[in-house]
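The structure under discussion appears below in the form of structure tokens.
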Amino acid sequence: MVTELTTVAELPKIDPVFGQVSYDNHEQIVFCHDKDTGLKAIIGIHNTVLGPALGGTRMWKYQNEWEALNDVLRLSRGMTYKSAISGLDLGGGKAVIIADSKKDKSPELFHAFGKFVHSLSGKYITAEDVGIDTPDMDLVHDVTPYVTGISESRGGSGNPSPVTAYGVYMGMKAAAKYKFGSDNLEGKKILVQGIGHVGETLVSHLAKEGALVQIADINEERLAEVSKQYGVSIYTGENLYSAEVDIYSPCALGATINDDTVHKIQAKVIAGAANNQLANENIHGQILKERGIVYAPDFLINAGGIINVYAEIAKYDKAESLRRTENIYNTTLEIFDYAEKNNLTNQKAAMAIAENRIEQRKKENTK
Ligand code: NAD
């Protein structure tokens, strides 16, 4: 119960939602609270011109609500670009649940969340993201059909992470082809930061091809397991951003390319799964370009997962998902070419192509 009301004069001067730096013409932001389960979630719907806003739910122990709001705004915007560049008829959305995925999960919590998703009547469709597994989405599916990434036994496509990893692998090979003249990764020194659902499968592809893989994670147990399973080494240096490697693959959380790291990075190619790798896409994308580091836009090369879950709506099969995901290789090279011809950073080139597709559809829709 609110015990003391803040007077209007005392309220902070920054507008809390539309004034957020990450707010970018988002269509709808839904704050969800369920008293009985303690659920606190935010659903961000960025743009629905191309179709319903599809994007995963992240469960994370955010420090505060500002951090959660900022994350959902950035992530949902990223989904708009991801689906648009991948040729999918989907808009961009995302959800965050403010909670500890190790302690706070319960069927009741996911049912409560599912009811909020359902209340949007399909304008937002959810799936897995960091901290969320397929059984969690199955619980959401108990109360709403507007969920993808559910178990195969429920008619879903299962965990999208292996397909995401395959797409990242394709994007990385394309970036290697562009930078080194060959897409063969054998003997290339590759640092994978974050060996969770996506990172581990990526490591398996790289190890199979004979790349010299190093892994980094905050989870020591996972490091030991993955290192043993795929015969790859654990990064032991002081600062992984200054590691002398050919390729840096961010597969943990976003914004690892920032003011502190962008000048330290020694890798010649950056290609990873994490969403929103550039803390500031204008500043850090430009610095990478000036330093001759080839950056494979995250929303382009990590689209395998969304391509896979889209199959649940568009009713295409696994083979078609993989074919579309494999095509990330060609799209990545096309974007690099467009960027070069138009003197743009790779990030801006990919964004321009995605925005053109949305604008085009908007015109068609208003005819
Ligand atoms: P995950 O939670 O399974 O794995 C993340 C891993 O990163 C964990 O092992 C965690 O310990 C590690 N980690 C966290 N903070 C770290 C840090 N500071 N340094 C090193 N390691 C750290 O998540 P995931 O599903 O593998 O996704 C990884 C990234 O890819 C996320 O940014 C996610 O948004 C993005 N992504 C995932 C998919 C998908 O299909 N799962 C699709 C597109 C994008």
Side-chain angles (χ1 to χ4, degrees), residues 56-60 82 101-102 105 127-137 149-152 156-173 175-176 185-237 240-241 243 245-254 256 267 269-277 296 298-299 301-309 318 321-322 325-326 328-329:
T57 298
R58 175 170 293 191
M59 188 180 243
W60 194 253
K82 189 183 306 203
S101 63
K102 293 202 179 72
K105 287 185 180 181
E128 292 94 341
D129 192 59
V130 175
I132 296 286
D133 299 303
T134 305
D136 306 327
M137 285 299 112
I150 52 172
S151 297
E152 278 158 298
S157 59
N159 183 357
S161 306
V163 189
T164 301
Y166 185 59
V168 173
Y169 176 52
M170 288 296 114
M172 186 185 284
K173 279 176 91 60
L185 299 176
E186 190 181 356
K188 286 277 176 287
K189 288 187 195 155
I190 304 175
L191 176 64
V192 180
Q193 178 189 32
I195 41 156
H197 290 104
V198 180
E200 179 181 348
T201 311
L202 177 64
V203 166
S204 76
H205 289 300
L206 300 176
K208 209 163 156 194
E209 192 169 334
L212 305 175
V213 181
Q214 296 180 56
I215 53 174
D217 202 291
I218 47 171
N219 184 333
E220 302 278 333
E221 254 174 65
R222 294 272 310 143
L223 281 173
E225 275 167 27
V226 173
S227 157
K228 194 168 160 214
Q229 187 168 351
Y230 304 100
V232 297
S233 37
I234 297 172
Y235 179 74
T236 52
L240 68 82
Y241 300 100
V245 291
D246 299 303
I247 301 173
Y248 161 50
S249 183
C251 294
L253 297 181
T256 58
V269 165
I270 301 176
N275 285 309
N276 301 324
Q277 291 164 28
D298 47 14
F299 65 85
I301 73 165
N302 71 12
I306 189 103
I307 292 170
N308 193 54
V309 296
K318 195 94 195 166
S321 287
L322 288 174
T325 303
E326 198 160 275
I328 287 176
Y329 181 96

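Side chains included, hydrogens not; waters and symmetry mates left out as well; all remaining heavy atoms used.
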[X] [atom1] to [Y] [atom2] distance, which is reported to the nearest 0.5 Å:
X: Ile195; Y: Ile215; atom1: CD1; atom2: CD1; value: 4.0 Å
X: Thr256; Y: Leu240; atom1: OG1; atom2: CG; value: 8.5 Å
X: Lys82; Y: Ile306; atom1: NZ; atom2: CD1; value: 6.5 Å

Can you see which heavy atom on [X] is nearest to which on [Y], and at what distance?
X: Gly131; Y: Asp136; value: O-OD2, 4.2 Å
X: Ala211; Y: Ile190; value: CB-CD1, 3.7 Å
X: Ala175; Y: Ala296; value: CB-CB, 4.5 Å
X: Ala273; Y: Cys251; value: N-SG, 3.6 Å
X: Val198; Y: Ala165; value: O-CB, 3.5 Å
X: Ser321; Y: Asn308; value: OG-OD1, 3.5 Å

Subject >> Counterpart residues, salt bridge (Lys or Arg N to Asp or Glu O under 4.0 Å), relative to Asp246 (two or more places apart) >> reply: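 If we apply the salt bridge (Lys or Arg N to Asp or Glu O under 4.0 Å) test to Asp246, skipping adjacent residues, the hits are Lys268.
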
Just jot down the side-chain contact (heavy atoms from CB on, under 4.5 Å) partners of [X], sequence neighbours excluded, or say none.
X: Glu326; value: Tyr166, Met170
X: Ser101; value: Met59, Lys105
X: Thr134; value: Glu128, Asp138, Ser151, Asn159
X: Val130; value: Arg58, Trp60, Leu253

Original post:
Got a donor-acceptor contact below 3.5 angstrom from the Gln277 side chain to the Gly272 backbone?
Top reply: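 The answer is yes, because a donor-acceptor pair under 3.5 Å joins these two groups.
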
Original post:
How would you list, by chain and number, every residue that makes a side chain to side chain donor-acceptor pair (under 3.5 Å) with Thr164, sequence neighbours excluded?
Top reply: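 Partners of Thr164 under the side chain to side chain donor-acceptor pair (under 3.5 Å) test: none.
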
Original post:
Could you go step by step and tell me if Ile307 and Val163 meet the side chain to side chain contact (heavy atoms under 4.5 Å, CB included) rule?
Top reply: CA-CA 8 Å; Ile307 292 170; Val163 189; 5.7 Å; no

**OP:** Can you tell me which residue pairs pass the salt bridge (Lys or Arg N to Asp or Glu O under 4.0 Å) test with a partner in residues 210-220, sequence neighbours excluded?
**Re:** none

**OP:** For residues 186-196, pull every pair meeting side-chain hydrogen bond (donor to acceptor under 3.5 Å, both in side chains), keeping only residues two or more places apart or in separate chains.
**Re:** Gln193-Tyr241, Gln193-Tyr248

**OP:** For residues 226-237, pull every pair meeting side-chain hydrogen bond (donor to acceptor under 3.5 Å, both in side chains), keeping only residues two or more places apart or in separate chains.
**Re:** Glu200-Tyr230

I'd like a table of donor-acceptor pairs (distance under 3.5 Å, sequence neighbours excluded) in which one partner is a side-chain atom from residues 201-209, with atom names and distances.
{"unit_1": "Thr201", "atom_1": "OG1", "unit_2": "His197", "atom_2": "O", "d": "3.3"}
{"unit_1": "Ser204", "atom_1": "OG", "unit_2": "Thr201", "atom_2": "O", "d": "2.6"}
{"unit_1": "Glu209", "atom_1": "OE1", "unit_2": "Tyr169", "atom_2": "OH", "d": "2.3"}
{"unit_1": "Glu209", "atom_1": "OE1", "unit_2": "Lys173", "atom_2": "NZ", "d": "2.9"}
{"unit_1": "Glu209", "atom_1": "OE2", "unit_2": "Lys173", "atom_2": "NZ", "d": "2.8"}
{"unit_1": "Glu209", "atom_1": "OE2", "unit_2": "Leu185", "atom_2": "N", "d": "2.7"}

